[in-house]
Amino acid sequence: MKLSAENYVSQTEVVKLRTYSRLVWGVFTFIAFVWLFLIFSAPIFEATGTKSISQPAYRFFSYICHQINSRSFHYHEFPFAVCARCFGVYLGFFLGLIVYPIFRNIENTEPFPRFWLFLAMIPMGIDFSLGFFGIWENTHVSRLITGAILGFACAIFIVPALADIVKHLKRQK
């Protein structure tokens with residue numbers, strides 16, 4: 001099958017695209033790691049009396065999480081900077097970023113069917129609903145697991161979007 005000349009992409013461009021895609025993936029993986037480190041480190045710094053570091057972390061995460069003490073994991077008697085469910089989402093997101101290159105090319109921009117993302121929301125919805133209606137008391141572990149499922153799925157959907165953004169930015173140059 002013949003392709004037109006306008007669809008031709010040089011091998012040099014392919015290598016550059018692959019390099020940029022890996023770089024963007026690496027940057028996002030590093031950001032996710034730092035994000036998790038901040039969540040873990042807040043109670044550690046609080047326990048050691050380094051409030052000049054822990055308090056800004058707690059304050060920052062208070063804008064994105066309710067930080068209810070009874071719904072958070074603790075280090076000694078100090079809560080993580082986010083609740084168990086948010087921690088699960090961030091942990092799952094980080095693990096999804098780490099695992100993604102094992103089963104799929106980073107520069108592949110073909111998205112997964114959205115059905116899988118919606119399917120990943122169901123366990124969290126069930127866990128929340130059962131607790132909200134008093135049918136079953138959800139636990140830190142159930143919140144962590146259901147959050148991690150959704151976070152993992154989000155990472156799997158974001159990596160192809162990042163690769164696509166890199167492709168478009170390279171084409172515009």
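- Both V99 and I156 sit in one connected hydrophobic cluster of ILVMFWY residues. Membership requires side-chain heavy atoms under 4.5 Å apart, directly or through other members.
- Closest heavy-atom contact between S62 and Q67: CB-OE1, 3.3 Å.
- Within the 4.5 Å cutoff, side-chain heavy atoms of R85 are placed close to those of T146.
- Under the 4.5 Å side-chain criterion, counting only non-hydrogen atoms from C-beta, P123 is not in contact with D127.
- To the nearest 0.5 Å, the span separating SG on C86 from CG on L144 amounts to 11.5 Å.
- To the nearest 0.5 Å, atoms CG (L162) and OG (S21) are separated by 9.0 Å.
- Side-chain contact between R143 and F128 is absent, with no heavy-atom pair separated by less than 4.5 Å.
- Side-chain heavy atoms closer than 4.5 Å link hydrophobic residues (I, L, V, M, F, W, Y) into clusters, and following such links, even through other members, never connects F60 to I53.
- Once rounded to the nearest 0.5 Å, the distance linking NE2 of H76 with OG1 of T48 reads 10.0 Å.
- Judged by the 6.0 Å distance and 45° axis criteria, R104 is positioned over the aromatic ring of F112.
- Between F157 and W116, some side-chain heavy-atom pair lies under the 4.5 Å cut-off.
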Please report the C-alpha distance between C83 and I68 in whole Å, then the side-chain angles of each, then the deciding distance to 0.1 Å, and finally whether the side-chain contact (heavy atoms from CB on, under 4.5 Å) criterion is met. CA-CA 7 Å; C83 69; I68 296 174; over 6 Å; no
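- The line from CZ of R59 to OG of S54 is 9.5 Å long, rounded to the nearest 0.5 Å.
- To the nearest 0.5 Å, atoms CZ (R71) and NE2 (H66) are separated by 5.5 Å.
- No chain of hydrophobic side-chain contacts below 4.5 Å, direct or via other Ile, Leu, Val, Met, Phe, Trp or Tyr residues, connects F78 to F61.
- Using a 4.5 Å cut-off between side-chain heavy atoms of Ile, Leu, Val, Met, Phe, Trp and Tyr, with links allowed through other members, V141 and I149 fall into the same hydrophobic cluster.
- Taking the six-membered ring where tryptophan is involved, the planes of F73 and F80 are tilted, since the angle between them lies from 30° to 60°.
- Nearest heavy atom pair, residue F93 against residue A155, reads O-CB, 3.3 Å.
- Taking every heavy atom of both residues into account, A42 and A57 meet most closely at CB-CB, 3.9 Å.
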Atom pairs and distances, donor-acceptor, side-chain atoms in residues 25-32, under 3.5 Å, two or more places apart:
from : atom 1 : to  : atom 2 : distance (Å)
W25  : NE1    : L97 : O      : 2.8
T29  : OG1    : W25 : O      : 2.8

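- Both I39 and F94 sit in one connected hydrophobic cluster of ILVMFWY residues. Membership requires side-chain heavy atoms under 4.5 Å apart, directly or through other members.
- Residue-environment remark: CH2 (W136) exceeds the threshold of 12 foreign heavy atoms within 6.0 Å.
- For the atom pair CG of D164 and CD1 of I158, the computed distance is 13.5 Å after rounding to the nearest 0.5 Å.
- Partners of Y100 according to the ring-ring contact (aromatic ring centres under 6.0 Å, His included) rule, which considers only residues two or more places apart in sequence or in another chain, are F103.
- When every heavy atom of A153 is checked against every heavy atom of A120, the shortest pair comes out as CB-CB, 3.5 Å.
- In this structure, F87 has its ring center under 6.0 Å from that of F40.
- Minimum interatomic distance between S142 and N138 (heavy atoms only, all atoms of both residues): OG-CB, 3.2 Å.
- Remark: the backbone N or O of A148 is not paired with any side-chain donor or acceptor of Y90 at under 3.5 angstrom.
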